[in-house]
K.L.:
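Starting off with a structure, shown below.
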Amino acid sequence: MKQGGETRQRNSSHVHDPPFVIRHSLFAIHHCPPMPNSPVRVRFAPSPTGYLHVGGARTALFNWLFARNRGGKFVLRIEDTDDARNTEAAREAIFGGLRWLGLDWDEGPEVGGDFGPYYQSQRKAIYDSYLAKLETAGRTYTEENGAVRFKFSRQPIVVTDLVCGDVHFAATEEPDMTIRRPDGSYIFHFVNVVDDIEMKITHVIRGEDHLSNTWKHIDLMHAFGVHPPRYAHIPLILNPGGSKMSKRDEGSAIESYVNEGYLPDALFNYLCLVGWTPRAEDEKLDRQKLVSLFDASEIHSANARWDMTKCKWFNAQYLREASPDALLDAARPFLKAAGYDAEAFAHASAALQSVKEKVSLLGELPGWVHFFFREDYPFEDDAVARLKAKPDNKALLQAVAAVLSSAGEWNEASVHAAIDQVAAQNSVKPGAIMPLLRFALSGQTRGPGVTTIAHLVGKESTVRRIARACAEVLP
RNA sequence: GACCCAUUCGUCUAGCGGUUAGGACACAUCCCUUUCACGGAUGCGACACGAGUUCGAUUCUCGUAUGGGUCGCCA
């Protein structure tokens, strides 16, 4: 665990290089960290070229946590400089995904702010003016085809990183980088740096895949005569195979969690734990707690694999804790998708409560409660087999139906009493009748307590269900 | 190939020189139980390797190996 502000030496051959000297900047720069008391401003800067990816969502989450923890601003900026690859659908997936997770942005699209526009496609004039500064300083040159390149300083550069410590890069031998295409559009590294300057970003929290390029950004910052922001490069999320999560991996799109029936709070909680360990007794923590506990300098530096099983476990935990109303609301679209209207059964909420600790995902719910909503439920093979296992079963069921149909009260206790009565009369244990009743009432071998099922569906339906089972399965 | 980051149970991790190396998920067994589950208990299970430094290394240094990432007129 790293301590805040600690500077760690890396096993780099440049550890002993002196602090680098800036020779090619427009202005003299004193080598000092950014003002510690300036208000925190962080940003999430996705490119709308695909879906919102779990890695992107986690990056947004860490930025959001940092901003909320420090009372700063969380900015959303859309990096759509390559318009050939941007789609409306991808933009909606990003906004929708962030909102679903509860990652509200203080400035950005649909919200506004003092540093807009927040689409890079609308900021060309700003980029042009910054390019002019570079040209004036003699830090650019134009290729024959019109592309513009930035002349690297070719000095050693140190990246000061909250997560990785001081990372030293030797004077580069790479070709100067292109910052503007022949058609006049700008390249990522350039616009990213310009906007971070313009939007007064104080901390850049992003994936570790950017670490190797950060020296280029710092080189540009220096050329503009500004201090670079603080950096925090967070570890990558790996798939179960151990390589960077990509669109092809299961669970890479946030949308899939929405569709499978995760609760936003559950994903939020698990996402926090990938790359960071809150200093708390438990791993299950609410948003407020996570915000107050968040410390960017405690983010891990090693990549982590995505554990879908554990993610699911968190969802199961949150499902069990959901209030009846919240569970009903969350389940409603999933019931609808399976063809059941939550309003069609008076005790829908109670039905859901009766199975909530049996499932991990909202999407599993319909399979556990469908028989509450209809009486023509199918009889599963193993239920049929169990019903047919003993010749006495039909008589037992009919006896139960007879007693139940004359029951005065209708509650779980009275149903239980009826079963006990039939059991005694037939010299069998109640435990021999319970399963049969379950098969008859639900068509399944597993499910809520059988007295609960009978109670919720009511007396008439219970008797009808037994009669149908006897007629169709035990003719 | 060059450069950068990393390496503790199967997975996520705690650990910041001396611990029976702790927890969570998963798995196994038992208890509970009308089913399926929940819950409870117990168990299984790790410091990549090699040199240093040190009285003593999981912990510090160097090297090796392995994994990941970056080297675009993608972001």
Side-chain angles (χ1 to χ4, degrees), chain A residues 1-3 6 9-14 45-50 56 79-82 84-86 120 143 145-149 159 161 163-165 167-170 172-175 177-183 185-189 191-192 206-216 233 235-236 238 240 242-244 270 273-277 279 281-284 300-314 316-317 320 355-360 368 382-383 386 416 419 423 429-439 442 444-451 453:
Chain A
M1 196 54 60
K2 287 164 283 295
Q3 296 177 333
E6 178 187 14
Q9 291 224 318
R10 292 290 155 164
N11 52 340
S12 154
S13 57
H14 305 290
S47 176
T49 54
E79 307 221 328
D80 54 353
T81 53
D82 187 5
R85 305 182 7 156
N86 300 318
Q120 290 187 328
E143 306 254 50
N145 67 2
V148 178
R149 285 181 187 262
V159 177
D161 193 282
V163 174
C164 301
V167 183
H168 295 71
F169 291 87
T172 187
E173 291 175 16
E174 280 183 34
M177 80 173 153
T178 305
I179 55 178
R180 198 183 69 168
R181 301 183 184 92
D183 68 2
S185 63
Y186 291 91
I187 303 297
F188 161 73
H189 296 107
V191 293
N192 188 269
R206 62 186 7 168
E208 198 219 71
D209 49 344
H210 290 286
L211 181 57
S212 296
N213 283 327
T214 300
W215 65 268
K216 298 176 185 173
H233 285 93
L236 301 182
L238 273 23
S243 51
K244 188 175 164 183
Y270 178 64
L273 269 30
V274 182
W276 174 54
T277 305
R279 291 193 176 278
E281 287 290 306
D282 297 311
E283 290 186 324
K284 185 172 172 300
H300 310 150
S301 42
N303 295 162
R305 296 182 198 216
W306 185 256
D307 185 348
M308 193 66 85
T309 304
K310 187 160 183 174
C311 184
K312 245 177 165 171
W313 178 84
F314 269 99
Q317 300 299 309
R320 278 176 216 130
V355 299
K356 70 175 179 183
E357 73 276 331
K358 302 175 191 303
V359 303
S360 298
W368 287 83
D382 47 352
R386 295 285 297 278
H416 208 296
I419 293 169
K429 294 176 182 174
I433 296 178
M434 301 271 198
L436 300 178
L437 196 50
R438 172 193 315 291
F439 307 150
S442 70
Q444 299 181 347
T445 57
R446 34 111 226 225
V450 68
T451 55
I453 299 175

K.L.:
So, taking the atom named CG in Asn213(A) and the one named CD in Glu174(A), what distance separates them when rounded to the nearest 0.5 Å?
P.N.:
7.5 Å
K.L.:
Return the pairing partner of G52(B) with a 3.5 Å limit on both distances, Watson-Crick or G-U wobble; otherwise return none.
P.N.:
C60(B)
K.L.:
Report the residue from Lys312(A), Lys284(A), Glu283(A), Glu357(A) that forms a side chain to side chain contact (heavy atoms under 4.5 Å, CB included) with Gln317(A).
P.N.:
Lys284(A)
K.L.:
Report each atom pair, protein N/O against N/O of nucleotides 67-71 of chain B, whose distance is under 3.5 angstrom.
P.N.:
from	atom 1	to	atom 2	distance (Å)
G68(B)	O2'	Asn303(A)	OD1	3.0
G69(B)	N2	Ser212(A)	OG	3.1
U70(B)	O3'	Asn213(A)	ND2	3.3
U70(B)	O2'	Asn213(A)	OD1	3.2
C71(B)	O2'	Glu174(A)	OE1	3.3
C71(B)	O2'	Glu174(A)	OE2	3.1

K.L.:
Hey, does Glu283(A) reach any base, or is it just sugar-phosphate, or nothing, if we go heavy atoms under 4.0 Å?
P.N.:
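Result for Glu283(A) = base.
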K.L.:
Send over the distance from Glu143(A) CD to G72(B) P, rounded to a whole Å.
P.N.:
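The distance from CD of Glu143(A) to P of G72(B) comes to 13 Å, rounded to the nearest Å.
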K.L.:
I want to check one thing: is the phosphate of C5(B), taken as OP1 and OP2, less than 4.0 Å away from some side-chain N or O of His233(A)?
P.N.:
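For C5(B), OP1/OP2 do not have a side-chain N/O of His233(A) under 4.0 Å.
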K.L.:
Across all strands, who's sitting opposite C71(B) as a Watson-Crick or G-U wobble pair, both distances under 3.5 Å?
P.N.:
G1(B)
K.L.:
When the distance from CD of Glu173(A) to P of G1(B) is rounded to whole Å, what number comes out?
P.N.:
17 Å
K.L.:
Taking atom C1' in both A57(B) and A21(B), compute the distance separating them and give it to the nearest angstrom.
P.N.:
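Looking at atom C1' only, A57(B) and A21(B) are 13 Å apart.
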K.L.:
Measure across Pro448(A) and Ile453(A) and return the closest heavy-atom pair with its distance rounded to 0.1 Å.
P.N.:
O-CD1, 3.8 Å
K.L.:
Which value, rounded to the nearest 0.5 Å, describes the distance between Lys216(A) atom NZ and Ile179(A) atom CD1?
P.N.:
13.0 Å
K.L.:
Go through the N and O atoms of the side chain of Lys310(A) and the base of A24(B), and report whether any donor-acceptor pair is under 3.5 Å.
P.N.:
yes
K.L.:
Round to a whole Å and report the spacing from CD1 of Ile179(A) to C1' of C73(B).
P.N.:
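Rounding to the nearest Å, CD1 of Ile179(A) and C1' of C73(B) are 12 Å apart.
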K.L.:
Figure out the NE2/C1' separation between His300(A) and A24(B), and round it to whole Å.
P.N.:
13 Å
K.L.:
Given A75(B), is OP1 or OP2 found less than 4.0 Å from the side-chain N or O atoms of Ser47(A)?
P.N.:
no
K.L.:
Can you find a side chain N or O atom of Arg279(A) that sits less than 4.0 Å from OP1 or OP2 on C16(B)?
P.N.:
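Indeed not, no polar side-chain atom of Arg279(A) lies that close.
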K.L.:
Heavy-atom distance under 4.5 Å between the side chains of Asp307(A) and Tyr270(A), does that happen here?
P.N.:
yes
K.L.:
Scan every strand shown for a Watson-Crick or G-U wobble partner of U34(B), both distances under 3.5 Å, and answer none if you come up empty.
P.N.:
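Check on U34(B): unpaired, no WC or wobble geometry under 3.5 Å.
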K.L.:
Can you find a donor-acceptor N/O pair under 3.5 angstrom joining the side chain of Asn145(A) to the base of C73(B)?
P.N.:
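Yes, the side chain and the base share a sub-3.5 Å donor-acceptor pair.
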K.L.:
To the nearest 0.5 Å, what is the distance between OG (Ser185(A)) and CG (Asp80(A))?
P.N.:
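The distance works out to 11.5 Å.
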K.L.:
Partner lookup for U7(B), please. Criteria are Watson-Crick or G-U wobble with both distances under 3.5 angstrom; report none if nothing qualifies.
P.N.:
A65(B)
K.L.:
Going by the glycosidic torsion and a 90 degree boundary from 0, is the base of C38(B) oriented syn or anti?
P.N.:
syn
K.L.:
With a 4.0 Å cut-off on heavy atoms, is Asp282(A) in touch with a base, just the backbone sugar-phosphate, or nothing at all?
P.N.:
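Nothing: the residue Asp282(A), judged by heavy atoms under 4.0 Å, touches no strand.
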K.L.:
Rounded to the nearest 0.5 Å, how far apart are NZ of Lys244(A) and CD of Glu208(A)?
P.N.:
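Nearest 0.5 Å value for the NZ-CD distance: 10.0 Å.
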K.L.:
If the C1' atom of U53(B) is compared with that of G63(B), how far apart are they to the nearest Å?
P.N.:
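That atom pair is separated by 15 Å.
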K.L.:
Please state whether the phosphate of C73(B), meaning OP1 or OP2, lies under 4.0 angstrom from any side-chain nitrogen or oxygen of Arg180(A).
P.N.:
no
K.L.:
Tell me what Ala147(A) touches on the nucleic acid: a base, only sugar-phosphate, or nothing, going by heavy atoms under 4.0 Å.
P.N.:
base
K.L.:
Please report, rounded to the nearest Å, how far the C1' atom of A2(B) is from the CH2 atom of Trp215(A).
P.N.:
12 Å
K.L.:
Using the side chain to side chain contact (heavy atoms under 4.5 Å, CB included) rule, take Ile187(A) and Met177(A) through it: C-alpha gap first, then chi angles, then the decisive distance, then the call.
P.N.:
CA-CA 9 Å; Ile187(A) 303 297; Met177(A) 80 173 153; over 6 Å; no
K.L.:
Once you round it to whole Å, what is the distance between C1' of G72(B) and OH of Tyr186(A)?
P.N.:
19 Å
K.L.:
Both distances under 3.5 Å, Watson-Crick or G-U wobble: report the partner of U29(B), or none.
P.N.:
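Paired with A41(B).
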K.L.:
With P as the reference atom in both, quote the distance from C47(B) to U59(B) in angstrom, rounded to an integer.
P.N.:
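Here C47(B) and U59(B) have their P atoms 12 Å from each other.
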K.L.:
For atom CZ of Arg386(A), is the number of surrounding heavy atoms from other residues, nucleotides or ligands below 6.0 Å larger than 12?
P.N.:
no
K.L.:
Measure from CG on Asn192(A) to P on G72(B) and round the result to the nearest Å.
P.N.:
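In whole Å, G72(B) P lies 17 Å from Asn192(A) CG.
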K.L.:
Roughly how far apart are Asn192(A) CG and Glu79(A) CD, rounded to 0.5 Å?
P.N.:
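The distance works out to 4.5 Å.
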K.L.:
Between Leu273(A) (CG) and G23(B) (P), how many Å, whole number?
P.N.:
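Going from Leu273(A) (CG) to G23(B) (P), I get 17 Å.
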K.L.:
How would nucleotides 28-38 of chain B be written as a contact map, 5' to 3', with B for base contact, S for sugar-phosphate-only contact and - for no contact, using protein heavy atoms under 4.0 Å?
P.N.:
------BBBBS
K.L.:
Check the pair Arg181(A) / Thr81(A) against side chain to side chain donor-acceptor pair (under 3.5 Å), numbers first and verdict last.
P.N.:
CA-CA 11 Å; Arg181(A) 301 183 184 92; Thr81(A) 53; 4.9 Å; no
